[in-house]
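Quick notes on the structure that follows.
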2 protein chains.
Amino acid sequence: MENRHAVTDRDVVKHLIKRLARIDASDGWRADLNPAQRAALDYLSRANRFSRQPSHLASYLGSTRGTVSQTLKSLAAKGYVEAVTPGSDKRTIAYQLTESGRKLATTSDLLSESLDQLSAGSLRDIATQLRHVLGAAIHTNRQKPFGLCKDCTYFQPKNGNGHCRLLNEELGVFERDQICHEQLPRSAGASATSA
Amino acid sequence: MENRHAVTDRDVVKHLIKRLARIDASDGWRADLNPAQRAALDYLSRANRFSRQPSHLASYLGSTRGTVSQTLKSLAAKGYVEAVTPGSDKRTIAYQLTESGRKLATTSDLLSESLDQLSAGSLRDIATQLRHVLGAAIHTNRQKPFGLCKDCTYFQPKNGNGHCRLLNEELGVFERDQICHEQLPRSAGASATSA
DNA sequence: CGATATAGAAGCGAGTCGAAACTATTGCAA
DNA sequence: TTGCAATAGTTTCGACTCGCTTCTATATCG
C-alpha cells in the first residue's frame with residue numbers, strides 16, 4: 001500500500017544470497033586456486049568414499065562431467081588431488097585429496113570469518129532457515145540432497161559406528177558426518193529404494 | 001562432547017550458502033547469458049543513475065574494472081545494455097538496460113521460485129539474519145554496502161520524493177528503492193563525509 | 001549375443017578471471 | 001602553467017570455466 005516499487009522480502013533474500021556468493025567467489029581466488037577448483041577441493045574434503053567420482057561432483061555442483069573432469073585434472077596437475085581406481089566397475093575413477101590438498105581445504109575463508117562474528121543462536125537460526133531454502137531449490141531443480149550420512153534413511157547405528165543399509169557397508173565414526181550422493185534424508189518422505 | 005568430528009553450525013551455514021550459490025549459478029545459464037552477465041544485468045536493473053559505471057559494478061561484484069568491462073561489452077554486443085556518455089567527466093561511461101535487457105532482467109529465476117515456497121515470516125527472518133552475515137562479510141572485505149537509497153544517511157524525504165544530501169540531487173519516488181554506490185547505512189556509525 | 005546405458009575424457013568456442021600495460025582525462029601543486 | 005600523479009575505462013595475456021558434442025571404454029539387460 002505504501003508504494004508500488006517496494007522491494008519484497010523475497011527479493012531482499014535473493015539479493016543477499018547472490019551478493020554473499022559473489023563476495024565469496026571473489027575471495028575464492030586465494031592461493032593458486034579459482035572458485036571452481038576450490039569448490040571441488042571442498043567437496044572432496046567432505047564426501048565419503050562412495051561419493052568421490054567425477055559424476056558425483058558434477059551432480060553436486062549442478063555442472064557436467066566434462067567440466068568437472070577438467071577441473072579435477074588441473075587440481076591433479078597442481079598436486080592437490082590424486083586419482084585412485086576403485087575395484088569392480090572399471091569405468092569409474094575416484095579422486096582423493098593429497099596431503100597438501102587436505103591442508104588447503106581446511107584453511108579458513110572469508111565466509112567462515114564473517115560467520116564467526118555472529119552468535120551461536122543466530123547461526124543456528126540461519127542454518128534452520130537456509131535448510132528450507134536449499135531444500136526448495138533442490139526440489140525445484142531435481143537435484144540430490146547430498147546430506148550427511150548420519151541423517152540418512154539408510155543409516156543404522158551399530159556399536160559406536162554405523163552401517164549403511166543401502167550399500168550394505170560398515171561405516172567408521174568419522175564417516176557419519178561426511179556427505180553422500182546416495183543420501184536420502186530421514187525426515188523426508190522416505191519411500192525406500194528410489195535414491 | 002558427543003563427537004570430535006561434529007559439524008559446527010558455522011560450517012553448516014557456510015555450506016548451505018555455497019551450495020545455494022552453486023545451484024543458482026548453474027541456473028544462471030538460461031537464455032543466452034552466463035552467470036557473470038546475468039549478475040551485471042541484475043546490478044544495472046537495480047542501480048540508481050549515479051551507480052551505473054563499470055567501476056561501480058566492479059566494486060559491487062568484488063571484481064576488477066577490466067573484467068566487468070569485457071562482460072559489459074559482450075552484453076552490449078547482445079543488445080541488452082547500451083553505453084551512455086554522461087556530462088562533465090569525460091573519462092566516465094555509464095551503461096543502461098535496453099528494452100530487451102530490462103525484460104530479461106525481470107524474468108524469474110530458480111532462486112526466486114525456491115524462495116516463493118517459504119512463508120512470509122520465514123523470508124523476513126532469513127532476510128534479517130543474512131543482513132548480519134553480509135554486513136560482516138562486507139566489513140571483513142572492506143567493501144561498500146550498496147544499500148538502498150532510502151536507507152542512506154544522506155537521504156532526506158522531500159515532498160513525496162526525496163533528496164540526496166551528499167550529491168545534492170533531487171530523487172524520484174522510484175529511486176528510493178534503487179541501490180547506490182555512495183550509500184552509507186543510516187543505522188551504522190555515520191561519521192559524515194567519509195562515504 | 002547384441003543394443004543400449006553409463007562413466008570418464010577430449011575437443012570446441014565463447015567467455016570469465018586477475019593482472020598488467022595502455023589511453024585519455026582530471027585534479028593538484030609547485 | 002606546466003608537470004605529474006590519480007583515476008576511469010579499455011586492451012591484451014594466459015589459465016581456466018562452462019555447456020556442448022563426440023569419443024572410448026565398460027556394464028547391463030533383453
Side-chain angles (χ1 to χ4, degrees), chain A residues 21-41 43 50-78 80-95 141 181 195, chain B residues 21-41 43 50-78 80-95 141 181 195:
Chain A
R22 256 316 306 195
I23 293 176
D24 181 62
S26 77
D27 176 66
W29 290 87
R30 285 170 293 104
D32 59 340
L33 297 184
N34 62 40
Q37 290 165 356
R38 193 166 291 281
L41 207 64
Y43 174 83
F50 315 118
S51 313
R52 295 182 190 145
Q53 294 163 26
S55 52
H56 302 149
L57 177 56
S59 167
Y60 181 81
L61 297 177
S63 182
T64 63
R65 297 196 310 273
T67 296
V68 305
S69 182
Q70 292 192 68
T71 299
L72 290 168
K73 193 172 62 174
S74 56
L75 272 180
K78 290 176 183 175
Y80 296 126
V81 304
E82 58 191 0
V84 286
T85 47
S88 50
D89 192 333
K90 286 179 189 160
R91 290 172 304 180
T92 65
I93 197 169
Y95 284 86
N141 228 23
H181 75 113
Chain B
R22 256 318 304 197
I23 293 177
D24 180 62
S26 77
D27 176 65
W29 289 86
R30 285 169 294 106
D32 58 341
L33 297 184
N34 63 40
Q37 291 164 356
R38 194 165 292 279
L41 207 64
Y43 175 83
F50 315 118
S51 312
R52 295 182 190 146
Q53 294 162 26
S55 52
H56 302 149
L57 176 57
S59 166
Y60 181 81
L61 296 178
S63 182
T64 63
R65 297 196 308 276
T67 297
V68 304
S69 182
Q70 292 193 67
T71 299
L72 290 168
K73 194 171 62 174
S74 58
L75 273 180
K78 290 175 183 176
Y80 296 126
V81 303
E82 57 191 0
V84 286
T85 48
S88 50
D89 192 334
K90 285 179 190 160
R91 290 170 304 180
T92 66
I93 197 169
Y95 284 85
N141 229 22
H181 75 114

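Naming convention: chains lettered A, B, ... in sequence-line order (proteins, then strands); numbering from 1 in each chain.
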**Item:** Euclidean distance, atom CG of residue B:Asp32 to atom C1' of D:dG19 [Å, nearest integer]
**Value:** 14 Å

**Prompt:** Quick one: does A:Arg91 reach the base of C:dG8 with a side-chain donor-acceptor pair under 3.5 Å?
**Reply:** no

**Request:** Might you work through the side-chain contact (heavy atoms from CB on, under 4.5 Å) test for B:Leu33 and B:Tyr80, ending with a clear yes or no?
**Result:** CA-CA 10 Å; B:Leu33 297 184; B:Tyr80 296 126; 3.9 Å; yes

**Message:** Check the phosphate of D:dC16 against A:Lys73, side-chain N and O only, distance under 4.0 Å to OP1 or OP2. Yes or no?
**Reply:** no

**Message:** Using side-chain heavy atoms (C-beta onward) and a distance below 4.5 Å, is B:Ser26 in contact with A:Asn141?
**Reply:** yes

**Request:** Please work out if A:Gln70 contacts a base, only the sugar-phosphate, or nothing of the nucleic acid, heavy-atom cut-off 4.0 Å.
**Result:** base

**Prompt:** In whole angstroms, how far is the P atom of D:dT21 from the CZ atom of A:Arg65?
**Reply:** 13 Å

**Asked** At under 4.0 Å, does any side-chain N or O of B:Thr71 touch on OP1 or OP2 of C:dT16?
**Response** yes

**Request:** May I ask you to evaluate whether A:Gln53 reaches the phosphate of C:dA7, defined as a side-chain N or O under 4.0 Å from OP1 or OP2?
**Result:** no

**Prompt:** Does D:dC16 have OP1 or OP2 sitting under 4.0 Å from an N or O in the side chain of A:Ser74?
**Reply:** no

**Asked** So what does B:Ser88 touch, heavy atoms closer than 4.0 Å: a base, only the sugar-phosphate, or nothing?
**Response** sugar-phosphate

**Request:** Using a heavy-atom cut-off of under 4.0 Å over every strand shown, decide if A:Arg22 touches base, sugar-phosphate, or nothing.
**Result:** sugar-phosphate

**Prompt:** Are any of B:Asn34's side-chain N or O atoms less than 4.0 Å away from OP1 or OP2 of C:dA14?
**Reply:** no

**Prompt:** Atom CG of A:Leu57 to atom C1' of C:dA9: distance rounded to whole Å?
**Reply:** 15 Å

**Asked** Using a cut-off of 4.0 Å on non-hydrogen atoms, how would the nucleic acid contact of A:Thr67 be classed: base, sugar-phosphate, or nothing?
**Response** base

**Asked** B:Ser69 side chain N/O closer than 4.0 Å to the phosphate oxygens (OP1, OP2) of D:dT10?
**Response** yes

**Request:** Pick base, sugar-phosphate or nothing for A:Ser26, based on heavy-atom distances below 4.0 Å to the nucleic acid.
**Result:** nothing

**Request:** May I ask you to test the A:Ser59-A:His181 pair for a side-chain heavy-atom distance under 4.5 Å?
**Result:** no

**Message:** From CG of A:Leu72 over to P of C:dA7, roughly how many Å is that when rounded to an integer?
**Reply:** 15 Å

**Prompt:** What closest approach, in Å, do B:Thr64 and B:Thr67 show between heavy atoms, and which atom pair accounts for it?
**Reply:** OG1-OG1, 3.0 Å

**Complete:** Looking only at D:dT26, D:dA8, C:dA9, the nucleotide nearest the B:Ser55 side chain is D:dA8

**Asked** If you find the nucleotide of DNA chain D closest to B:Gly66 and the one closest to B:Thr92, which residue's nucleotide is nearer the 5' end?
**Response** B:Thr92

**Item:** Note, A:Tyr43 side chain near A:Ser51 side chain (heavy atom, < 4.5 Å)
**Value:** yes

**Request:** To the nearest Å, give me how far apart CG (B:Asp89) and C1' (C:dT23) are.
**Result:** 14 Å

**Item:** Phosphate OP1/OP2 of C:dA9: any A:Tyr95 side-chain N/O under 4.0 Å
**Value:** yes

**Asked** Is A:Lys78 close to A:Asp32 at the side-chain level, that is, under 4.5 Å between some pair of heavy atoms?
**Response** yes

**Item:** d(CZ, B:Arg38; P, D:dG19) in whole Å
**Value:** 13 Å

**Nucleotide of D:dT17, C:dG18, D:dG9 approaching B:Pro54 most closely (side-chain heavy atoms)** = D:dG9

**Prompt:** Of the nucleotides C:dT26, D:dG19, C:dG18, which one has an atom closest to the side chain of A:Trp29?
**Reply:** C:dG18

**Prompt:** Between the side chain of A:Gln37 and the main-chain N/O of A:Asn34, is any donor-acceptor distance below 3.5 Å?
**Reply:** yes

**Fill in**
Separation of D:dT10 atom C1' from B:Leu75 atom CG, nearest Å, is 16 Å

**Item:** Short side-chain N/O contact from B:Lys90 to OP1 or OP2 of C:dG27, under 4.0 Å
**Value:** no

**Request:** Give a yes/no on whether any side-chain N or O of A:Thr64 is located under 4.0 angstrom from OP1 or OP2 of D:dC20.
**Result:** no

**Asked** To the nearest angstrom, how far is B:Ile93 atom CD1 from C:dA24 atom P?
**Response** 15 Å

